[in-house]
Amino acid sequence: MLEITRIREEKDQIIEGLKKRNVDFSEKINAIVQTDAAWREVKKELDDIAAESNRMAKEIGQLFKEGKQAEANAAKEKTNVLKEKEKTAKEKEAQLADDLQKRLYEIPNVPCAKVPVGKTPEDNVVAATGGTVPTLPESALAHWDLAKKYNLIDFEMGVKVTGAGFPFYYGKGARLQRALINFFLDQARDHGYLEVIPPFVVNQDSGYGTGQLPDKEGQMYHCEVDDFYLIPTAEVPLTNMYRDVLLNESDFPIKVTGYTPCFRREAGSYGKDVRGLNRLHQFDKVEIVHIEHPSKSYETLDGMVKYVENLLQQLELPYRVLRLCGGDMGFTSALTYDLEVYSAAQKKWLEVSSVSNFETFQANRLKLRYKDKEGKNKLAHTLNGSALALPRIVAALLENHQDEHGIKIPKALVPYTGFERI
RNA sequence: GGAGAAAUGGCAGAGCGGUCGAAUGCGGCAGUCUUGAAAACUGUUGUACUGCAAGGUACCGGGGGUUCGAAUCCCUCUUUCUCCGCCA
């Protein structure tokens with residue numbers, strides 16, 4: 001959520017900046033400025049009434065103390081009018097505040113200067129590439145066929161027991177999952193991240209804190225009885241640890257990592273992209289989260305991208321780094337890099353990581369602040385990235401590293417799998 | 001799940017209808033003293049909104065109520081602790 005003070009002061013720059021998202025927000029922003037002005041006016045009125053009634057209450061107290069019953073009772077009568085006024089002002093104030101809040105929730109983050117102009121994924125800019133695309137024989141199989149051939153993943157069993165998008169992993173398929181999780185967590189630990197095992201369900205406040213609510217309501221599984229949400233990413237619990245927190249500058253940088261399953265309803269998505277492991281309702285992911293000083297957040301973002309690149313290099317996968325254009329960027333982000341691996345049998349780029357700087361957008365909702373050198377409380381910057389999401393990594397590993405004898409496990413992963421080939 | 005107790009500032013902890021944004025201690029910050037540090041002493045120290053400012057308003061777990069006036073009384077929810085039950 002954008003800060004109202006910022007909208008007040010930099011209205012035009014914000015409207016201009018949001019144009020990169022290919023939507024004209026000028027009407028909405030202007031409505032916010034108006035609502036805010038109206039709210040402030042009513043708030044002032046309400047404060048004045050409250051001040052007056054506080055003054056009178058004191059006066060009445062004093063009169064009672066002095067034993068002037070009659071005068072006190074007379075003064076009491078007068079407060080009735082005031083109370084009536086206070087009530088209507090209060091209702092108006094609450095209504096305007098609520099309205100303002102709702103409007104603010106509808107405004108996405110302002111893309112930073114580095115965000116390329118564009119509308120569709122085709123407009124994303126390739127910022128880096130790595131690895132080499134293997135040349136596979138014509139007989140090369142897609143990962144869903146390989147999974148079946150070597151009995152690694154059972155999609156039908158998932159359909160039977162739960163539903164589409166909830167696969168079972170067997171034998172070396174299951175062990176490969178576990179190996180990847182451990183590999184990613186160990187790498188993160190070696191790079192200074194605190195490992196965390198968070199809850200996999202969160203409350204509503206947390207959903208709002210990181211921006212899944214209210215706009216992405218339908219993306220999450222909701223346990224209605226308890227009003228809990230299954231996490232769509234570890235970002236939600238890991239970042240919400242810092243909700244309502246006041247940090248010292250010396251606490252920066254905060255670096256946490258966590259493995260969690262992720263649950264996504266992905267309502268409305270279907271078709272060829274959902275085959276095999278490409279899009280699941282439940283998948284495993286290791287996430288990295290940073291809380292940073294505003295002056296360091298972009299430097300940090302670059303470092304995080306480099307870190308994820310290094311993981312992909314160790315897994316011997318061909319990849320590219322995309323700087324997302326304004327039209328393809330998430331609601332809460334100010335700058336996002338997507339990392340994609342090339343899955344050679346599908347002949348497709350698969351997104352395996354998304355690394356973003358949210359600047360103060362999440363921190364504002366979270367009330368995540370730090371005390372600066374002057375003792376002022378300022379909003380911190382939050383960042384996160386997948387490091388990494390497993391299913392598409394598995395898809396690419398199976399497809400790219402297949403040969404006539406099976407599938408070769410990358411060297412870095414062998415200590416974790418305990419086997420060199422499938 | 002049942003029965004009790006509790007929730008106050010960064011922390012600990014008083015206050016239980018008006019003089020309370022809130023005693024006191026610790027911590028933090030500034031100063032005195034010291035070659036420096038510690039100790040001691042002195043001062044200072046919550047957040048947000050609003051206003052050019054002076055100031056005003058709100059906040060004592062959340063929400064609602066009683067009252068001219070609520071940290072204080074009532075209702076409700078949440079959380080924590082103790083005891084009992086159930087379970088890993």
Side-chain angles (χ1 to χ4, degrees), chain A residues 1-9 32-105 197-209 213 223-229 237 240-252 254 291 360 362-380:
Chain A
M1 188 166 66
L2 294 177
E3 297 134 85
I4 184 66
T5 46
R6 193 174 150 204
I7 294 179
R8 250 179 241 158
E9 283 160 21
I32 284 172
V33 171
Q34 269 174 31
T35 309
D36 176 53
W39 172 77
R40 278 194 287 171
E41 197 176 307
V42 176
K43 174 78 169 132
K44 173 90 176 82
E45 196 184 312
L46 184 63
D47 283 359
D48 288 346
I49 293 168
E52 175 66 9
S53 92
N54 282 346
R55 224 202 72 241
M56 285 181 85
K58 259 184 199 145
E59 209 176 286
I60 291 166
Q62 191 58 36
L63 288 172
F64 272 122
K65 222 180 208 168
E66 291 166 7
K68 296 175 181 165
Q69 294 288 335
E71 281 178 57
N73 285 326
K76 265 198 198 178
E77 291 292 314
K78 279 202 285 186
T79 61
N80 288 337
V81 187
L82 210 56
K83 280 180 108 175
E84 210 38 55
K85 264 166 84 179
E86 186 174 18
K87 208 181 138 201
T88 48
K90 216 175 204 164
E91 274 165 15
K92 222 163 129 193
E93 189 270 344
Q95 204 253 312
L96 280 167
D98 192 58
D99 188 31
L100 183 61
Q101 180 77 176
K102 278 205 186 102
R103 289 173 191 276
L104 281 170
Y105 272 135
I197 299 179
F200 302 156
V201 294
V202 295
N203 58 30
Q204 216 181 33
D205 285 347
S206 295
Y208 277 94
L213 296 174
C223 315
E224 269 188 42
V225 188
D226 299 296
D227 203 11
F228 287 151
Y229 292 87
N240 273 283
M241 286 167 69
Y242 298 93
R243 172 150 49 83
D244 292 317
V245 165
L246 183 62
L247 298 165
N248 291 310
E249 284 203 15
S250 56
D251 295 329
F252 295 126
I254 289 174
I291 316 289
T360 58
Q362 288 183 331
N364 187 34
R365 289 192 187 188
L366 293 162
K367 291 203 186 64
L368 165 52
R369 297 167 304 169
Y370 68 96
K371 210 169 257 307
D372 74 3
K373 289 191 183 67
E374 280 91 55
K376 278 271 188 198
N377 294 343
K378 297 257 180 70
L379 293 170

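Lettering follows sequence order; numbering is per chain, from 1. Here the structure is a predicted model, which means the values were calculated and not measured. Because only heavy atoms are used, hydrogens play no part in the values below, and waters and symmetry mates are left out as well, while side chains stay in.
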Measure across [X] and [Y] and return the closest heavy-atom pair with its distance rounded to 0.1 Å.
{"X": "A/P237", "Y": "A/P199", "value": "CG-O, 3.8 Å"}
{"X": "A/I291", "Y": "A/F252", "value": "O-CD2, 3.4 Å"}
{"X": "A/L82", "Y": "A/I49", "value": "O-CG2, 4.0 Å"}
{"X": "A/S53", "Y": "A/E86", "value": "OG-OE1, 4.5 Å"}
{"X": "A/K371", "Y": "A/N248", "value": "CB-OD1, 4.4 Å"}

Applying a 3.5 angstrom cut-off to the pairing atoms, does RNA chain B sit in any stems of at least three consecutive Watson-Crick or G-U pairs? List them by first number. B:1-7 with B:78-84, B:10-12 with B:24-26, B:27-32 with B:40-45, B:46-50 with B:55-59, B:61-65 with B:73-77

For [N] and [M], measure between their [atom1] atoms and round to the nearest Å.
{"N": "B/rU72", "M": "B/rC16", "atom1": "C1'", "value": "4 Å"}
{"N": "B/rU45", "M": "B/rC11", "atom1": "C1'", "value": "14 Å"}
{"N": "B/rA5", "M": "B/rG61", "atom1": "C1'", "value": "16 Å"}
{"N": "B/rC29", "M": "B/rA39", "atom1": "P", "value": "12 Å"}
{"N": "B/rG62", "M": "B/rA58", "atom1": "P", "value": "15 Å"}
{"N": "B/rG43", "M": "B/rG4", "atom1": "P", "value": "48 Å"}
{"N": "B/rA3", "M": "B/rG56", "atom1": "C1'", "value": "47 Å"}
{"N": "B/rG9", "M": "B/rC60", "atom1": "C1'", "value": "9 Å"}

Between residues 45-63 of chain A and RNA chain B, which residues have a heavy-atom gap below 4.0 Å?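 Within residues 45-63 of chain A, the residues near RNA chain B are A/D47, A/A50, A/A51, A/N54, A/A57, A/I60, A/G61.
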
For the pair A/Y208 and A/Y105, name the ring-plane relationship: parallel under 30°, tilted 30 to 60°, perpendicular over 60°. tilted

Quick one: does [X]'s side chain get under 4.5 Å of [Y]'s, heavy atoms only?
{"X": "A/D227", "Y": "A/N203", "answer": "no"}
{"X": "A/K85", "Y": "A/E45", "answer": "no"}
{"X": "A/L368", "Y": "A/L247", "answer": "yes"}

Select from A/K76 and A/T5 the residue whose nearest nucleotide in RNA chain B is closer to the 5' end of that strand. A/T5

Which residue, A/K371 or A/T79, contacts RNA chain B at a nucleotide closer to its 5' end, judged by nearest heavy atom? A/K371

Sole residue of A/D99, A/L104, A/L2 in side-chain contact (heavy atoms from CB on, under 4.5 Å) with A/I32: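 Result: among A/D99, A/L104, A/L2, A/L104 is the only option passing the side-chain contact (heavy atoms from CB on, under 4.5 Å) with A/I32.
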
Going 5' to 3' along RNA chain B, between which two nucleotides do contacts with chain A fall, using a heavy-atom cut-off of 4.0 Å?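 Contact span on the strand: B/rG18 to B/rG69.
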
Is a salt bridge present between A/E41 and A/K44, judged by a nitrogen-to-oxygen distance below 4.0 Å? no

Remember a base hit wins even if backbone is also touched, and classify A/K78 as base, sugar-phosphate or nothing at under 4.0 Å, heavy atoms.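 A/K78: no heavy atom of the nucleic acid under 4.0 Å.
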
